[in-house]
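See structure below.
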Amino acid sequence: MSALDLAQALALTRVIAVANDKGGVGKTTITANLGATLAREGYKICLVDLNRQANLADDLGYRDTEIDDQGAALLMSIMTGRTLQAVPVPGRDGLFVVPGGLDLTDLTGVMVGRVQQHGRDAMLTLAKALAPATAPYDLILIDTPPENTLLIDLALGAARWLLMPTKTDGGGLVGMRLLAQRYAIAREINPQLALLGVVLFGTSRAATAIHRDVRTKVEQAFGIGASPVLTALVGHSEKVARDARELGLTAHELAAAAAAQPTWWETRRAGNSSEPRISATASQVAADFDKLGLEILQLLAAAESGAQA
Ligand SMILES: Nc1ncnc2c1ncn2[C@@H]1O[C@H](COP(=O)(O)OP(=O)(O)OP(=O)(O)O)[C@@H](O)[C@H]1O
Ligand SMILES: [Mg+2]
């Protein structure tokens, strides 16, 4: 297996791996909502799900629908080198996905064999299957599993950018240090990989002292001067999180549903006060994703204009 050629590298310039070695830090929530938010704004977005649990299918409401192939097509592409093919996410214009799922249970074993055969170049397996597929899309986001070095390496081998969500607690930061090690190794194989930024997830908007502390730790782990922690963050809301995953709706869609529901007083007068209500906080979380989308587009535009200068 050879290094990427120039055409392949260029084809991957809008690929973002969303990764942290730690679980539960918002990788999937961010992939789903960032993708859907940008698609709403008219961008054409492709999501690639490397997770066997495939929470992305829950967050976007396509689990067990006809597009949900449990990761079969993705596994086949990795095994045969066939170009990846994304399918449209029902009900969401401009949003496409290469689904993950239980078939990806075999992917780690496949990659162990690849590494034995090709060494570190095996990291480029996904890059090669993805490069011929990227042309129609403005952005490709890869959702990665936690605690799976081989699959994280696959994503880092295929990406131009790393976006790392973290919670502000110790666990997310340990995961970050492990990821920083994989990042350094991936850059030897995929030199165009760079850190786009770190997103604070599920945090209180007011915790500025904690945010400053995280900023310092991120800089230490990745060893870069400029602070990679993005200004945009995803505020904490358990209710929005639960509704989103249960109903398969994005924060924007939940906010619209919350605005359309009868007022609490109307429900009470009609005698339906025990009916579950969608939290109006969804609009705050939706606004967080708008800001995140905008900041990411600005960072990409700045990087691309810098590269041309
Ligand atoms: N705004 C929010 N505030 C608090 N918790 C949230 C928020 N949005 C989502 N969550 C919850 O946080 C948990 C972790 O989110 P998510 O599944 O996106 O993380 P992950 O990094 O993809 O996890 P894994 O490593 O297991 O794939 C989920 O239970 C999710 O419902
Ligand atoms: Mg996930």
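Note: hydrogens, waters and symmetry copies are ignored here, and every other heavy atom, side chains too, is used. Both ligands and their constituent atoms are indexed starting at 1 by order of listing.
Enclosure of atom CD in Glu188 by more than 12 non-hydrogen atoms of other residues, nucleotides or ligands within 6.0 angstrom is indicated. Applying the 6.0 Å contact sphere to CD of Gln53 captures no more than 12 heavy atoms from other residues, nucleotides or ligands.
Of the charged side-chain nitrogens involved, none lies within less than 4.0 Å of a carboxylate oxygen, so that Asp138 and Arg14 do not count as a salt-bridged pair.
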### Task
I would like to know whether His252 and Asn33 meet side chain to side chain donor-acceptor pair (under 3.5 Å); could you show each step before the answer?
CA-CA 8 Å; His252 268 292; Asn33 280 276; over 6 Å; no
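For ligand 1, the polar-atom distance check against Asp143 finds no nitrogen or oxygen pair separated by under 3.5 Å. Inclusion of Gly235 in the set of residues having an N or O under 3.5 Å from an N or O of ligand 1 is warranted. The N/O atoms of Thr28, backbone and side chain alike, include one that comes under 3.5 Å of an N/O atom in ligand 1.
Looking from atom 25 (O) of ligand 1 to the surrounding protein, the closest heavy atom is Lys27 NZ, 2.7 Å. Residue, atom and distance of the protein heavy atom nearest to atom 19 (O) of ligand 1 are Gly26 N, 2.9 Å. Here the heavy atom of the protein found nearest to atom 23 (O) of ligand 1 is Gly24 N, 2.9 Å. Of all protein heavy atoms, the one closest to atom 12 (O) of ligand 1 is Phe201 CE2, 3.7 Å.
For atom 16 (P) of ligand 1, the nearest non-hydrogen atom from the set Asn55, Leu233, Thr29 belongs to Thr29.
Evaluation of the side-chain hydrogen bond (donor to acceptor under 3.5 Å, both in side chains) rule for Thr105 yields Arg52 as partners, not counting sequence neighbours. Every side-chain hydrogen bond (donor to acceptor under 3.5 Å, both in side chains) that Asp143 has, sequence neighbours left out, goes to Thr28, Asn51. Remark: Phe96 engages Tyr137 in a ring-ring contact (aromatic ring centres under 6.0 Å, His included) (not counting sequence neighbours).
Near the Mg ion (ligand 2), less than 2.8 Å away, sit the protein N, O or S atoms Thr28 OG1.
For atom 2 (C) of ligand 1, the protein comes within 4.0 Å by at least one heavy atom.
Residue Pro165 comes nearest to Ala19 through the heavy atom pair CD-O, 3.6 Å, listed as atom of the first residue, atom of the second, then distance. Of all the heavy atoms in Leu154 and Leu126, the pair that sits closest is CD2-N, 3.6 Å.
In summary, the atoms of ligand 1 found under 4.0 Å from a heavy atom of Arg245, numbered by their order in the structure, are 16 (P), 17 (O), 18 (O), 28 (C). Which parts of ligand 1 touch His236 is read off a 4.0 Å heavy-atom cut-off, strictly below it: atoms 3 (N), 4 (C). Atom numbering of ligand 1 starts at 1 in the shown order; those under 4.0 Å from a heavy atom of Gly23 are 25 (O). Atoms of ligand 1 lying under 4.0 Å from at least one heavy atom of Val25, given by number and element, are 19 (O), 20 (P), 21 (O). Close approach to Ala241 involves these atoms of ligand 1, each under 4.0 Å from a residue heavy atom: 5 (N), 6 (C), 7 (C), 8 (N), 9 (C), 10 (N), 11 (C), 31 (O).
When the options Leu193, Val15, Leu195, Leu300 are evaluated for a side-chain contact (heavy atoms from CB on, under 4.5 Å) with Trp161, the one that passes is Leu300.
Side chain of Gln70 to main chain of Leu102: a donor-acceptor pair is present (N/O by atom type, distance under 3.5 Å, no hydrogens or angles). Formation of a donor-acceptor pair under 3.5 Å by the Asp288 side chain with backbone atoms of Gly235 is found in this model.
Between Val87 and Val97, the closest side-chain pair of non-hydrogen atoms falls below 4.5 Å.
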